[in-house]
Structure formats: structure tokens, C-alpha cells
J.: 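Below: one structure in C-alpha cells.
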Number of protein chains: 2
Amino acid sequence: MTLPPLCEAFVLHFGEMGSRWGINRTVGHIYAVLFIAEKPLCADDIVERLGVSRSNVSMGLKELQNWNLLRQRPIPGDRREFFTTPDDIHAIVRTLVDERKKREIDPTLTVLRELLMQTPGTPEEQHAQARLKDMYELIELLTNWYADVQKLETERLIQLLSLGSKVVKVLEMKDRLFTLPGGRGHSATQNAKD
Amino acid sequence: MTLPPLCEAFVLHFGEMGSRWGINRTVGHIYAVLFIAEKPLCADDIVERLGVSRSNVSMGLKELQNWNLLRQRPIPGDRREFFTTPDDIHAIVRTLVDERKKREIDPTLTVLRELLMQTPGTPEEQHAQARLKDMYELIELLTNWYADVQKLETERLIQLLSLGSKVVKVLEMKDRLFTLPGGRGHSATQNAKD
DNA sequence: CTATATTTTCAGAAAATACTGAATTTTGAG
DNA sequence: CTCAAAATTCAGTATTTTCTGAAAATATAG
């Protein structure tokens, strides 16, 4: 690996993290190198920096392209293909989440839905279905939340996340303002669901 | 695998998903079996259901215990150890997120912090640091948000998530109510940061 | 304390995954 | 169209990870 120490440390750590998330180490290295690169790189640039085989880099780039995580940047007068990561890290994370959702969450929801449609033959299966239902509903809650806030432009999303649980205070205030004295509490949050 | 079809389908899918998330397939199977079981199971119950070796189950259970994902439930008059998953799936997911944060996010933040302290020797390293800073700040935003909403009790958290981006509407309303006419917009969200 | 049931450890086998170099295919300049 | 540069594929090899059975350790009933 022929990288300045600071870059190498980052690349190695990123590869390590990737491998804990079902992404192969080398693919993690490749993405890390592209992420910190000053300019678009071609496959051979990556071979040089990482010291892995050309074919390995080729497969890694393909994998990253399947994840929609790369931008191709043609350089005039050069036949080789050059790659960068998106400049905006928020865009990178959005893509990452979208792709994982598509590959892992959506199929899981489909399976759970199918299993919940079946008629349980035994009390054992009936109990299993109840558990699956809990899981289904939680995953749905989380993905619906994500689908919803994902539509926000990045600035607004950052604002919202910065607030954290303080949002709850604002909701309580709304409750206080709009709930008739003596009325049931939290009406704002309950109504807002529609 | 000696499980009713519905259970088997779930267990297999869960194992598959686990293996994409850096959790070994069998450990996923073990957790799935425990998750849908009607009563606490001992290691041999799992051996019987999954058809893997006793030692493999032993290692898998240990792994799951290291993740804090199991509850031990002694059965009077039986020397064997019996296990269940927590009843509340929200608790399970909280634990899962907490543990992953501890193992993956926190060390990453430490590494990034260290690398950002270094004095860059070259323009290349300087540019890398700028990228790392973007990444650091985004991860911090997300983990701070999580640390904050995690404190909410489950009911409140569900309310908040159900709202999704509608929260923004409430914030805008707050803005309208409390910002003096002619004042700059979004003051509510900006102030709430303190 | 002894005998036995239960769990854990671990070295080696088996399986899965990643990597390479050589061969093939694709691309585009001339 | 031709040719060489570039990219991709893939069969075989290397590495890593997972799994097993046998042995060791631990726990508890009597």
C-alpha cells in the first residue's frame, strides 16, 4: 500500500469496518481511496495505491457501481475510465441506506408479509406469527419514518436531526396550545398521523 | 432442521439476513429459533431444531450473550441453562443498535478524531482531512440524534417516528407563531439547538 | 467427595469467500 | 476496419471463516 500514513490509516480502518458490514475488505479499501482522493482515479491508480491485482480492482469497482456509490468522470484525451465518489457525503449515506433497504429490508418485509398470511397449523406456529407481527410492525414503522424524512432536503433534515428529542417539547407545546382544557392529552401527535 | 414450515422459512431468512450483516448464519438461526419459541430453550433444544453440532450452538449462544441479546431463564429442577430473547422487540432493537454503535461507530469516531488532529504533510493529506471532517460531522450528527431520542420511552419514540417529516410542519407553525413579523425564518429550529 | 450431567474449549476438517494471472472481450483512435 | 489499450471474466489457488468431535472444565445432586 503506497499511501501517506494518514490516508493509509483511514483506508485500513474503513476496510475493517466494511468487512463487519458484509462488504469485502478490499472493496472497502477501494471506496476509501476514492473517497479521499483529490481527483478522479482510474483502476490502475487504485492498483498502485492498494497493491492488489488489477482484476480484483475491476471486480471491486463493479460491485461499488452496483451499489450506485460511484460517479464516472471521463477525462478528455484519456481512454481509461475514471471514478470518484459523490462530493456530498449526505448523498453517499442516502444511497447506502436506500440500497441496503432495497436489498435487505424490503425482501424481509415481503417474507414476513407472506408468513403472516398463512394460517397457522399449530399453537407453536400461531405464537411464531405473533412474534413476526411485532417484528413486521416495527420494521414498517422505521422504514416509513425513513421514507418520509428522506424526502426532506438535506438542510431541513440536518435541522430536524439536530433537534433530537427536543422535538417532543415542541409537540407538547402544540398539545397545550390546541387541546381544549379537560380534553385528552397528546391529541396533536395522535391526529397528526392522518 | 426439524421445524414447522412457517418457522423454518423465518429461521432461514433470518440467517440469510444476518450473514449479510456480519453475523454468522448459524448465529442468526439460533436467534430466530429463540425469538419465535413459545418457551425458554436449552442448548439441546436448539441442536434438535437446527441440526448443528452442540459445540456450534454453545459458541453461538456465547456470541449472542456478548451482544446482550439473550435472557437466561433458570427452570426449577432442571440443571440445564435455558434462554429466551427479550419479549419486547423494541428492547431488542435498542440493544442491537447500542452494541453496534459501541463496536463500530465509536471506534470509527475515535480514529477519525485522531486523524483530524494530525498536521497534514501534503496537500493530498490536507484534502483527505477535509473529507474525513465531513464524515466525522455527519456521523456525529446521527449518533447525537440517536443518543437523544433513545432516552425517550418507547411510546413517545413511536409517536415521534409515526409523525415522520410532519414534525417539520409543526416546527414551521412554531416559527410562524413566535417569529416577529419581518424577522428571519426558522428561528425556532435555530434556537432550539442550545 | 464422587459420580454424572452439562457446558466450554480447541485443533483440525470442511466450507465459503476472496484473489490472482492468463485468456477473452470490449472499446475507440486512427 | 484494424489494432492496441483497457476492462472483464473465470478457473484455479489462497485465505478466511465456520463447524465438528473429542477432550477438558465446570457444576451439582447425592
Side-chain angles (χ1 to χ4, degrees), chain A residues 1-2 11-12 14-34 40-67 69-84 103, chain B residues 1-2 11-12 14-34 40-67 70-84 103-104:
Chain A
M1 211 176 272
T2 59
V11 168
L12 289 176
F14 202 86
E16 219 47 56
M17 282 305 109
S19 70
R20 292 211 202 171
W21 282 76
I23 289 155
N24 128 9
R25 191 158 311 166
T26 304
V27 175
H29 291 158
I30 293 173
Y31 203 71
V33 161
L34 286 168
L41 301 182
C42 70
D44 285 312
D45 295 332
I46 298 168
V47 167
E48 194 201 318
R49 283 168 172 69
L50 294 180
V52 296
S53 75
R54 179 55 232 269
S55 52
N56 203 357
V57 170
S58 182
M59 292 188 298
L61 287 171
K62 200 159 210 215
E63 168 96 358
L64 290 169
Q65 284 181 295
N66 288 339
W67 281 79
L69 284 168
L70 295 182
R71 299 286 168 266
Q72 213 156 329
R73 305 282 244 85
I75 290 193
D78 198 323
R79 268 172 70 182
R80 294 169 298 175
E81 300 180 80
F82 287 80
F83 300 92
T84 63
R103 291 157 194 243
Chain B
M1 210 176 273
T2 59
V11 168
L12 289 176
F14 202 85
E16 219 48 55
M17 282 305 109
S19 71
R20 293 211 201 170
W21 282 75
I23 290 154
N24 125 14
R25 191 159 311 169
T26 304
V27 174
H29 291 159
I30 293 173
Y31 204 72
V33 161
L34 286 168
L41 302 182
C42 71
D44 285 313
D45 294 332
I46 299 169
V47 168
E48 194 200 320
R49 284 169 172 69
L50 294 181
V52 297
S53 75
R54 179 54 232 267
S55 52
N56 203 357
V57 170
S58 182
M59 291 189 298
L61 287 171
K62 200 162 208 212
E63 169 96 358
L64 290 169
Q65 284 182 294
N66 289 339
W67 280 79
L70 295 182
R71 300 285 168 267
Q72 214 154 330
R73 307 283 245 83
I75 290 191
D78 197 322
R79 269 171 68 182
R80 295 169 298 177
E81 299 180 80
F82 288 79
F83 300 93
T84 64
R103 291 157 194 243
E104 290 146 22

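Since we're looking at a predicted model, the values are computed, not measured. The figures here come from the full heavy-atom set of this structure, side chains too, leaving out hydrogens, waters and symmetry mates.
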J.: Which whole-number value in Å describes the distance from A:E81 CD to C:dG28 P?
T.: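 One finds 8 Å between P of C:dG28 and CD of A:E81, rounded.
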J.: Rounded to the Å, how far apart are B:F82 CZ and C:dA5 P?
T.: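 In whole Å, C:dA5 P lies 16 Å from B:F82 CZ.
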J.: Do you know the tightest heavy-atom contact between B:D44 and B:R54?
T.: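 Closest approach of B:D44 to B:R54: OD1-CD, 3.7 Å.
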J.: Counting side-chain heavy atoms from CB outward, which of C:dC19, C:dA5, C:dT20 is closest to B:R79?
T.: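 Minimum distance to the B:R79 side chain belongs to C:dA5.
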J.: Is any side-chain heavy atom of A:I46 closer than 4.5 Å to one of A:L61?
T.: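 Of all side-chain heavy-atom pairs linking A:I46 with A:L61, at least one is under 4.5 Å.
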J.: Under 4.0 Å: is that the gap between some side-chain N or O of B:K62 and OP1 or OP2 of C:dT9?
T.: yes
J.: For B:M59 and for B:C42, find the nucleotide of DNA chain C with the closest heavy atom, then tell me which residue's nucleotide is more 5'.
T.: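 Closer to the 5' end of DNA chain C: B:C42.
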J.: Do the side-chain N or O atoms of B:S55 get closer than 4.0 angstrom to the phosphate oxygens (OP1, OP2) of C:dT7?
T.: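 B:S55 to C:dT7 OP1/OP2: no side-chain N or O under 4.0 Å.
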J.: What is the distance, rounded to the nearest whole Å, between atom CD of A:E63 and atom P of C:dC19?
T.: 11 Å
J.: Output the rounded distance in Å from CG (A:L61) to P (C:dC19).
T.: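 The distance from CG of A:L61 to P of C:dC19 comes to 13 Å, rounded to the nearest Å.
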J.: Taking the side chain as every heavy atom from C-beta outward, state whether B:E63 and B:I30 have any pair of such atoms under 4.5 Å apart.
T.: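 The answer is no, as the side chains (C-beta and beyond) never meet within the 4.5 Å cut-off.
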J.: Verify the contact: side-chain N or O of B:R54 to OP1 or OP2 of C:dT7, cut-off strictly under 4.0 Å; return yes or no.
T.: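 Looking at the OP1 and OP2 atoms of C:dT7, one of them is under 4.0 Å from a side-chain N or O of B:R54.
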J.: Which heavy-atom pair separates A:N66 from A:R103 by the least distance, and what is that distance?
T.: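 Looking at all heavy atoms of both residues, the closest pair is O-NH2, 3.0 Å.
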J.: Between A:Q65 and A:R25, just flag the one whose closest nucleotide in DNA chain D comes earlier from the 5' side.
T.: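 Result of the comparison: A:Q65.
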J.: Check B:C42, B:P74, B:P40 against B:R80 for a side-chain contact (heavy atoms from CB on, under 4.5 Å) and give me the one that passes.
T.: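 Output: one option passes, namely B:C42.
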J.: Between the base of C:dT6 and the side chain of B:R80, is there a donor-acceptor distance below 3.5 Å?
T.: no
J.: In whole angstrom, what separates A:L64's CG from D:dA7's P?
T.: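 In whole Å, D:dA7 P lies 16 Å from A:L64 CG.
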J.: Does C:dC19 have OP1 or OP2 under 4.0 Å away from a side-chain N or O of A:N24?
T.: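 Affirmative; the distance criterion is met.
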J.: For B:N56 and D:dG21, is the shortest distance between a side-chain N/O and OP1 or OP2 below 4.0 Å?
T.: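 So the side-chain polar atoms of B:N56 never come under 4.0 Å of the phosphate oxygens OP1 or OP2 of D:dG21.
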J.: How many whole angstroms separate atom CD1 of B:I75 from atom P of C:dA5?
T.: 19 Å
J.: Taking only side-chain N and O atoms of A:S58, does any of them lie within less than 4.0 angstrom of OP1 or OP2 on D:dT9?
T.: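 So the side-chain polar atoms of A:S58 never come under 4.0 Å of the phosphate oxygens OP1 or OP2 of D:dT9.
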J.: Please give, in whole Å, the distance from D:dA4 P to A:D78 CG?
T.: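 My rounded result for the distance is 19 Å.
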J.: Rounded to the nearest Å, what distance is computed from the CG atom of residue B:D44 to the P atom of nucleotide C:dT6?
T.: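 Going from B:D44 (CG) to C:dT6 (P), I get 8 Å.
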